[in-house]
Amino acid sequence: MITKIQGPKTSVFLVTLVTLICLAILLIDGFSEQSVNLVLIFTARAAFVLFVTAFSASSIYYFYKSDACKWLIQNRRYIGITFGLVWGMHFLAIALKVGLYPKALEGAFDFNSVLSGGNLLATVLLLTITSSDYVMGRVRPVLWKAVHVSGSFYIFYRFWLNYYSSAEYESIYFLAIVLLALSGSLKFAKYIHQQSNNMKAI
């Protein structure tokens with residue numbers, strides 16, 4: 001079971017799994033525009049699942065103290081790092097498509113989409129780099145937490161915007177919206193419960 005994998009090995013396992021699936025797509029379907037599109041779709045959705053998992057981990061463990069949830073909270077940082085790496089793979093797949101099939105993307109990018117995509121990529125890159133042991137040991141905990149809380153909520157917001165606008169066209173995006181709503185609700189419920197306990201302690 002994956003719960004037997006701990007620490008950095010979690011990232012290694014998950015990145016290897018995503019990479020093998022991407023290679024399988026390219027090998028089975030043949031290297032073509034269609035297979036690159038499938039890799040784009042898969043890496044985007046895999047990154048989304050990883051993000052929601054890392055984003056919800058503390059809230060899930062707060063309410064459910066099972067062994068699986070304990071593993072989740074212990075390895076949340078590595079799941080988040082994996083999200084960053086898989087998002088990097090998604091970005092590389094976009095670059096590959098732009099390089100090999102530029103005509104397919106004519107008119108797909110305007111200034112706003114490039115700017116928002118660049119901001120999202122920069123945020124993911126910042127959170128991934130600052131999740132390393134090297135940076136964590138050299139940054140004040142208060143600053144580190146502020147960066148990661150604000151960054152994670154920005155990514156949450158961007159996923160919500162992207163999937164909400166697409167939900168009317170594909171039902172799978174509606175499922176993504178439901179997952180985001182559940183993870184956000186858990187965060188809010190955790191906050192309310194903690195504030196209630198603090199008030200009782202006064």
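- In this structure, Phe174 has its ring center at least 6.0 angstrom away from the ring center of Tyr163.
- Val86 places none of its side-chain heavy atoms less than 4.5 Å from the side chain of His90.
- Hydrophobic clustering (side-chain heavy atoms under 4.5 Å, transitive across Ile, Leu, Val, Met, Phe, Trp, Tyr) keeps Ile25 apart from Ile28.
- The shortest side-chain heavy-atom distance between Met89 and Cys22 falls under the 4.5 Å cut-off.
- One distance of note links OG1 of Thr130 with CD1 of Ile81; it measures 9.0 Å at 0.5 Å rounding.
- In terms of hydrophobic clustering, with Ile, Leu, Val, Met, Phe, Trp and Tyr side chains grouped at heavy-atom distances under 4.5 Å, Ile129 and Tyr134 are assigned to a common cluster.
- In this structure a side-chain-to-backbone donor-acceptor pair under 3.5 Å is missing from Trp144 to Arg138.
- Both tests do not hold together for Lys187 against Tyr191: distance to the six-membered ring centre under 6.0 Å, angle to the ring axis within 45°.
- A tilted orientation is assigned to the rings of Phe159 and Phe51, their planes being inclined by 30° to 60°.
- Distance NZ/Lys70 to OH/Tyr61: 6.0 Å, rounded to 0.5 Å.
- Here the side chains of Ile155 and Leu127 are in contact, with some heavy-atom distance below 4.5 Å.
- A ring-centre distance under 6.0 Å is not found for Tyr173 and Tyr164.
- For the pair Glu33/Lys97, a side-chain contact is recorded, criterion being any heavy-atom separation below 4.5 Å from C-beta on.
- By the 4.0 Å N-to-carboxylate-O rule, Arg77 lies close enough to Asp133 to be salt-bridged with it.
- By the neighbour-count criterion of 12 heavy atoms within 6.0 Å, atom CZ of Phe188 is sparsely surrounded, having that number or fewer from other residues, nucleotides or ligands.
- Put simply, CD1 on Ile5 and CZ on Phe13 are 4.5 Å apart, with the number rounded to the nearest 0.5 Å.
- Of all the heavy atoms in Gln6 and Trp71, the pair that sits closest is NE2-CD1, 3.1 Å.
- Between the CD1 atom of Ile177 and the CG atom of Asn162 there is a distance of 9.5 Å, given to the nearest 0.5 Å.
- Looking at Phe55 and Phe153, their side chains come closer than 4.5 Å, going by heavy atoms from C-beta outward.
- Within a 6.0 Å radius of CD in Gln34, no more than 12 heavy atoms belonging to other residues, nucleotides or ligands are found.
- Interatomic distance, Tyr78 OH to Leu14 CG, rounded to the nearest 0.5 Å: 13.0 Å.
- Between Tyr62 and His193, the distance separating the two ring centers is shorter than 6.0 angstrom.
- Across every non-hydrogen atom of Val39 and Ala93, the tightest pair is CG1-CB, 4.2 Å.
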| task | Quick one: do Thr123 and Leu126 satisfy side-chain contact (heavy atoms from CB on, under 4.5 Å)? Show the steps, please. | result | CA-CA 5 Å; Thr123 303; Leu126 175 64; 5.7 Å; no
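- Residues Arg76 and Ile73 form a side-chain contact, since some pair of their non-hydrogen atoms from C-beta on lies under 4.5 Å apart.
- Using a 4.5 Å cut-off between side-chain heavy atoms of Ile, Leu, Val, Met, Phe, Trp and Tyr, with links allowed through other members, Leu182 and Phe48 fall into different hydrophobic clusters.
- Here the side chains of Val18 and Phe42 are in contact, with some heavy-atom distance below 4.5 Å.
- The minimum heavy-atom distance between Ala146 and Ser150, with the atom names listed, is O-OG, 2.7 Å.
- No single ILVMFWY cluster, assembled from side-chain heavy atoms under 4.5 Å apart, contains both Val12 and Leu17.
- Listed here is the closest heavy atom pair of Ser131 and Met136: O-SD, 3.6 Å.
- Atom CG of Leu50 sits about 10.0 Å away from atom CG of Leu85, to the nearest 0.5 Å.
- Minimum heavy-atom separation, Thr82 to Thr10: OG1-O, 4.5 Å.
- Here the side chain of Ser35 pairs a donor or acceptor atom with the backbone of Gly30 at under 3.5 angstrom.
- What you find for Ser183 and Ser56 is that their closest heavy atoms are CB-OG, 2.9 Å.
- With hydrophobic clusters built from ILVMFWY side chains whose heavy atoms lie under 4.5 angstrom apart, Ile79 shares a cluster with Tyr64.
- Here the side chains of Leu121 and Trp87 are in contact, with some heavy-atom distance below 4.5 Å.
- In this structure, Trp160 and Phe156 have parallel ring planes: the angle between them is below the 30° cut-off, well short of the 60° mark.
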